[in-house]
Amino acid sequence: MPKENLIKTIKLLVVAIVTLTLWFLPAETFGIEGLTIIQQRMIAIFAFAALMWIVEAVPAWVTSVLIIVVMLFTVSDSGIAQLIDPAGYPGAATQEGAKGALQLAGLINYKEIIAAFADPTVMLFMGGFVLALVASKSGVDVTLARALLGLFGTNSKVLLLGFMLVTAVFSMFVSNTATAAMMLTFLAPVFRTLPEDERGRVALALAIPIGCNIGGIATPIGTPPNGIALGALKDAGINIGFLDWMLMMTPLMLAILVLSWIVLLVVYRFKSPTLEIKIEGGAKKGWQTTAIYIVLIMTIALWCGEKIFGINSYVVALFPVGAFTALGIVTSEDIKKLDWPVLWMVAGGFALGTGMKKSGLAEALVNSIPFAEWNVFAVVVGAGLICWLLSTFISNSASAALMVPILVTVGTGMSEQLAPFGGVAMLVVGLALSASFAMALPISTPPNAIAYSTGLVKTSQMTKIGLIVGAIALCLAYGMLFTLGSVLF
């Protein structure tokens, strides 16, 4: 057996052993009063998800699909009869058996679990993916990039800032991976013209992941952790509109970008005073391009005018999907190219949250943990640091999907302590931001990997800048949340 397969097998065995141990342990072992069999199964499923996302024995989206399937078969009201039917519970006719049957309370409606695949937040991201696909297919993204970068001239320092800003703007609406690939294409000719000893080459290469990762925080569709946080808050009765999110996060994003620009200039100062970026290609001519611009403008206007038009951002996200398919701009082949693994990855996180809430596990945890004794600063910042650390080694989507359900439960239990700072929303939003600030390794995010693939950046250089920018971003973000959280939320 090849070494890689052996390691993967060992990982899977460890996950299986831990999951089954939690599944079959006596309920009293967990120290949660009144813990039901369904709730215990949810604990085991949660542990399975966490370990699988961390060890990455299979792709993250596969784990998400497995979560949903296992939940349907073991904790839903349409699961395996021998596992969910009280009448079929061993010894149900006896007093002890009847007590055991009672422990099966909290079964989850199977429709609510399956609905995770079409959660409104998943639809929000699908709309964003369709916009990105159409912009790339038509060349509209290249035209917009040329127009925006043309505003910054040829001065090396100013152009670096412009490149970071343009990358960030695209990442607000387009997937980080697609944005990074596009921007690298624009920079490739510049890299070839710069001398080997030009330290600014490193700054330009690192501008790709910084612009992508930081830019994504500015809109709900910019990065999956944003959507995961908004979806969880929506389920908890807290609605944050598209424009509301942008108004909060765009100033923070710009502040972090400017400071990151300064860090890059200090650490990797340019020798060449000027740079010239030539962007070939552009938008195709014809009615379809005109239609794309119109639909794009209308979609952004509807997102930003949510309170004016009364259409929430989740519904608006389906407008470009309907418009482009009706016009024949998006075909069945294009639909196949959507980033379905990301959508299914996010769906698994929502299914976990549904399971914890509907089974009663979330409430049981709130009642069993003495949140009143916890220090609010330690909980908020500690959770952010843990999520940041996890996201350094696993996908930020996976870390957010793993931790957001927990934080919603924790925030509910600490509602009084969190109230002066913005409540549960402040806690969960902080977590989502922390996931996006993890960019210290080539494996941390796809844009990091793309920047590393240029061969211009060493791991040590990426780690140095990633840690500095991450620390700056965390300080600014939590400073904003603690000081303005009560106003923002």
Side-chain angles (χ1 to χ4, degrees), residues 15-16 19-20 22-23 32 35-53 58-86 88-89 101 103-126 224-225 227-237 314 318 340-366 395 397-409 412 428:
V15 173
T19 303
L20 291 173
L22 292 172
W23 192 285
I32 302 174
L35 185 72
T36 69
I37 289 174
I38 299 301
Q39 290 169 357
Q40 183 172 341
R41 290 175 187 170
M42 277 308 308
I43 292 175
I45 292 170
F46 187 90
F48 168 80
L51 290 172
M52 289 292 283
W53 277 331
V58 297
W61 69 268
V62 175
T63 298
S64 287
V65 173
L66 288 175
I67 291 167
I68 294 174
V69 172
V70 171
M71 286 178 62
L72 285 169
F73 277 82
T74 62
V75 299
S76 81
D77 57 7
S78 188
I80 300 171
Q82 289 76 7
L83 292 177
I84 67 165
D85 187 1
Y89 193 90
Q103 292 297 297
L104 286 168
L107 288 171
I108 306 162
N109 187 304
Y110 76 96
K111 293 180 181 178
E112 294 184 356
I113 298 174
I114 294 177
F117 282 117
D119 185 274
T121 306
V122 174
M123 295 300 101
L124 181 69
F125 274 98
M126 188 168 75
I228 292 169
L230 286 175
L233 291 173
K234 184 174 182 292
D235 290 341
Y314 308 100
L318 291 177
W340 293 103
V342 170
L343 297 178
W344 284 12
M345 162 73 230
V346 173
F350 289 141
L352 269 183
T354 297
M356 291 183 67
K357 183 178 179 181
K358 297 298 182 179
S359 68
L361 178 59
E363 184 179 353
L365 288 172
V366 169
S395 77
S397 305
S399 58
L402 178 65
M403 292 194 66
V404 164
I406 299 175
L407 265 290
V408 171
T409 300
T412 303
V428 175

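None of these values were measured; they are calculated from a predicted model.
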Do you know which two heavy atoms are closest between [X] and [Y], and how far apart they sit?
{"X": "P225", "Y": "S397", "answer": "CG-N, 4.3 Å"}
{"X": "A401", "Y": "I228", "answer": "N-CD1, 3.9 Å"}
{"X": "G355", "Y": "S359", "answer": "O-OG, 2.6 Å"}

Got a donor-acceptor contact below 3.5 angstrom from the [X] side chain to the [Y] backbone?
{"X": "K357", "Y": "T409", "value": "no"}
{"X": "S76", "Y": "Y110", "value": "no"}
{"X": "E112", "Y": "N109", "value": "no"}

Look up atom [atom1] in [X] and atom [atom2] in [Y], then write down how far apart they are to the nearest 0.5 Å.
{"X": "T19", "Y": "M52", "atom1": "OG1", "atom2": "CE", "answer": "8.5 Å"}
{"X": "T74", "Y": "I37", "atom1": "OG1", "atom2": "CD1", "answer": "12.0 Å"}
{"X": "M123", "Y": "L318", "atom1": "CE", "atom2": "CG", "answer": "6.5 Å"}
{"X": "F73", "Y": "L83", "atom1": "CZ", "atom2": "CG", "answer": "10.5 Å"}
{"X": "D119", "Y": "I114", "atom1": "CG", "atom2": "CD1", "answer": "14.0 Å"}
{"X": "W23", "Y": "I45", "atom1": "CH2", "atom2": "CD1", "answer": "5.0 Å"}

With heavy-atom distances below 4.5 Å as the criterion, would you say the side chains of [X] and [Y] are in contact?
{"X": "W61", "Y": "L343", "result": "no"}
{"X": "R41", "Y": "L22", "result": "no"}
{"X": "M71", "Y": "M42", "result": "yes"}
{"X": "F350", "Y": "P405", "result": "no"}

List the steps, then state whether side-chain contact (heavy atoms from CB on, under 4.5 Å) holds for W53 with I67.
CA-CA 11 Å; W53 277 331; I67 291 167; 3.8 Å; yes
Using the side chain to side chain contact (heavy atoms under 4.5 Å, CB included) definition, which of the options V75, I108, L107, I113 pairs with K358?
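Between K358 and the candidates, side chain to side chain contact (heavy atoms under 4.5 Å, CB included) is satisfied uniquely by I108.
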Passes side-chain contact (heavy atoms from CB on, under 4.5 Å), W340 versus M345? Steps please.
CA-CA 8 Å; W340 293 103; M345 162 73 230; over 6 Å; no
Criterion side-chain contact (heavy atoms from CB on, under 4.5 Å) on F117 and I68, from CA distance to verdict:
CA-CA 9 Å; F117 282 117; I68 294 174; 3.5 Å; yes
Output all residues satisfying side-chain contact (heavy atoms from CB on, under 4.5 Å) with I32, sequence neighbours left out; order by chain, then residue number.
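Checked I32 against side-chain contact (heavy atoms from CB on, under 4.5 Å); matches are F30, L35, I43, A364, L365, S368.
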So V69 and L66, side-chain contact (heavy atoms from CB on, under 4.5 Å) or not? Walk me through it.
CA-CA 5 Å; V69 172; L66 288 175; 5.5 Å; no
